[in-house]
Amino acid sequence: MTNFHTLIVGAGYAGAVAARRLAEDGDKKVLVLERRPHVAGNAYDCLDQAGILIHQYGPHIFHTNDKRVFDYLSRFTQWRRYQHRVIANLPRDNPEVVPAHKTTDGRFFFPVPFNLDSLKNAFGTKEGERLGQKLLDAYPAQSQVTILELRQNSDPEIAAIADYVYEHVFVHYTMKQWGQTPEEIDPATTARVPVRLSADDRYFQDAYQGMPLNGYTPMFEKMLDHPNITVETGVDALSRLELADGAIRLDGEVFGGPVIYTGQADELFSFRFGPLPYRTLDFGYETLPQDYFQAHGTVNYTVDKPYTRITEFKHLTGQVKPGATTIMRECSRAYTGAEGEIPYYAIINADNNALYAKYADLAAQYPDLHLLGRLAEYKYYNMDAIAARALALTDELL
Ligand code: FAD
Ligand code: UDP
């Protein structure tokens, strides 16, 4: 007989926040099983061979408007104040326009999200200012507008701006990231990066933003460090779990308490209805013998190049390390389920949501089973949203 009250599969945000809450506020004995050799899920960071702190599963910047989430996580870390800024790097396709800011090697740059300063770089200072005023007049009560909304504006000059932004920011990047056009994907996805009706060049505008001062992994280690929590890494929970007839067995014995599962919903049920589609990423790391490679944490290649973006970790983490820097290029492709591939992004659309609903219905036949997290819920959630969901679920369980 196991003496654990709760079983949690996965030690990412969903699993770790839920574990700590139940262990601490509920005085429950919690067992966390994690397949990877480390905790922190996709937020995991570590030193690379050159001693640079990198994010192994893609660049993670913490931002939220949820005070409860920020306060909760702040118990386990101090924060480095950091405001993420991103620029687009693209070929200069109209030599007659003189961008407001610098250009090099036939390329030019502008802030993403596309904002009133981006307009000046794209159309030249004077024309950019005039068009910016036109946008402000067209949307007097808004601080931003989505690209899909902007494309519906029938004013010819605004339509021309919309075409420009669509072509130079969205269509090629979205094709690289999703293999589909902005119209074909969930509108909420491109809405994450709106057109800004101001000169605010921060990628996120949330009230709380930053990076865990010593990295994400130490924050998770502290969160999971509680006498009521046992973490086993390098363990595939599915090799020890059995779901049949409404009962969940762990190592052959019925597990009577709650089971919080944060892995893939389709995998939990042996892909019974077919696999849920995902996008995966290939990360190309490069360490260079120089202080910095680029001026921003992330540079998006919105028109050309096979990769979507290059991130330089030292900008994010604030690490001081003269003479060495590590950058990472991201290439997206369809997830095939092959060994070692990671399902990073759920592909949200009506068909896939319907397929997911079949798995969710199956899960509902197990009263103690809770699907929680970006994979288990098949959603495009940020870190703070997952932490909020873990707090909400544990509110219910407590
Ligand atoms: P995960 O972090 O995926 O954790 C799930 C864990 O479960 C994994 O560790 C997995 O190994 C484990 N697991 C699965 N199956 C099993 C099993 N059978 N047995 C044992 N363990 C199992 N969010 C932001 O807020 N800001 C960002 O800047 C940001 N950048 C991102 C960049 C990229 C490239 C990606 C892909 C995501 C980004 N996110 C960002 C989102 C963020 O990664 C997620 O919101 C967060 O990691 C979700 O936490 P989770 O616990 O649901 O899932
Ligand atoms: N996007 C784009 N060009 C950009 C940035 C984003 O077309 O320069 C679109 C693209 O479809 C992307 C989505 O907006 O997948 C969301 O971007 P975000 O940066 O939020 O993606 P994430 O960091 O989650 O990969």
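Whatever order the structure lists ligands and atoms in, that order sets their numbers, starting from 1. Only this structure's heavy atoms are used, side chains among them; waters, hydrogens and symmetry mates stay out.
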N/O of [X] under 3.5 Å from N/O of ligand 1, yes or no?
X	value
Pro59	yes
Asp236	yes
Met383	yes
Ala237	yes

Within 45° of the axis and under 6.0 Å from the centre of the six-membered ring of [Y], does NZ or CZ of [X] qualify?
X	Y	answer
Arg374	Tyr345	yes
Arg192	Tyr380	yes
Arg329	Tyr307	yes

Is [X] close enough to touch ligand 1? Criterion: a residue heavy atom under 4.0 Å from a ligand atom.
X	result
Leu241	no
Tyr44	no
Tyr345	yes

Quick check against the 3.5 Å criterion: does Asp45 have a side-chain atom that pairs as donor or acceptor with the backbone of Thr217? yes
Pairing of [X] and [Y] as salt bridge, 4.0 angstrom limit:
X	Y	result
Lys120	Asp117	yes
Glu129	Lys126	no
Arg272	Glu267	no

Do any N/O atoms on Arg309 end up under 3.5 angstrom from N/O atoms on ligand 2? yes
Please say whether Tyr380 places an N or O atom under 3.5 Å from an N or O atom belonging to ligand 2. yes
Can you tell me which residue and heavy atom of the protein come closest to [atom], and the distance to 0.1 Å?
atom	answer
atom 5 (C) of ligand 2	Asn300 ND2, 3.5 Å
atom 20 (O) of ligand 2	Arg192 NE, 2.8 Å
atom 2 (C) of ligand 2	Tyr173 CD2, 3.3 Å
atom 6 (C) of ligand 2	Val193 CG2, 3.7 Å

Pull out every atom of ligand 2 sitting under 4.0 Å from any heavy atom of Thr174, numbered as shown with elements. 7 (O), 9 (C), 10 (C), 11 (O)
Suppose I only count heavy atoms of Thr302 and a 4.0 Å limit; which atoms of ligand 2 are within that range? 8 (O)
Which option wins on minimum heavy-atom distance to [atom]: [options]?
atom	options	result
atom 36 (C) of ligand 1	Tyr203, Tyr344, Tyr261	Tyr344
atom 47 (O) of ligand 1	Asn42, Leu268, Ile386	Asn42
atom 20 (C) of ligand 1	Arg374, Lys379, Arg35	Arg35
atom 15 (O) of ligand 2	Trp178, Tyr203, Tyr345	Trp178
atom 6 (C) of ligand 1	Arg36, Met211, Glu232, Glu34	Glu34
atom 26 (N) of ligand 1	Val32, Asn382, Ile61	Ile61

As an exercise, state the distance from CD of Gln294 to OG1 of Thr298, rounded to the nearest 0.5 Å. 7.0 Å
Verify atom 39 (N) of ligand 1: protein non-hydrogen atom under 4.0 angstrom away: yes
Can you name the one residue among Trp79, Phe204, Phe70, Tyr203 that meets ring pair (Phe, Tyr, Trp, His ring centres under 6.0 Å) with His63? Phe204
Let me see the working for Glu183 and Tyr166 under side chain to side chain donor-acceptor pair (under 3.5 Å), right down to the final yes or no. CA-CA 11 Å; Glu183 287 74 17; Tyr166 184 80; 2.7 Å; yes
Flag for Asp27-Asn228: side-chain donor and acceptor within less than 3.5 Å: yes
For the residue pair Glu341 / Thr336, report whether a side-chain donor-acceptor contact shorter than 3.5 Å exists. yes
Go through the steps for Asn115 and Ser118 under the test side chain to side chain donor-acceptor pair (under 3.5 Å), then give the verdict. CA-CA 5 Å; Asn115 68 14; Ser118 309; 3.1 Å; yes
With backbone taken as N, CA, C and O and side chain as the heavy atoms from C-beta onward, which portion of Val112 lies under 4.0 Å from ligand 2: side chain, backbone, both, or neither? side chain
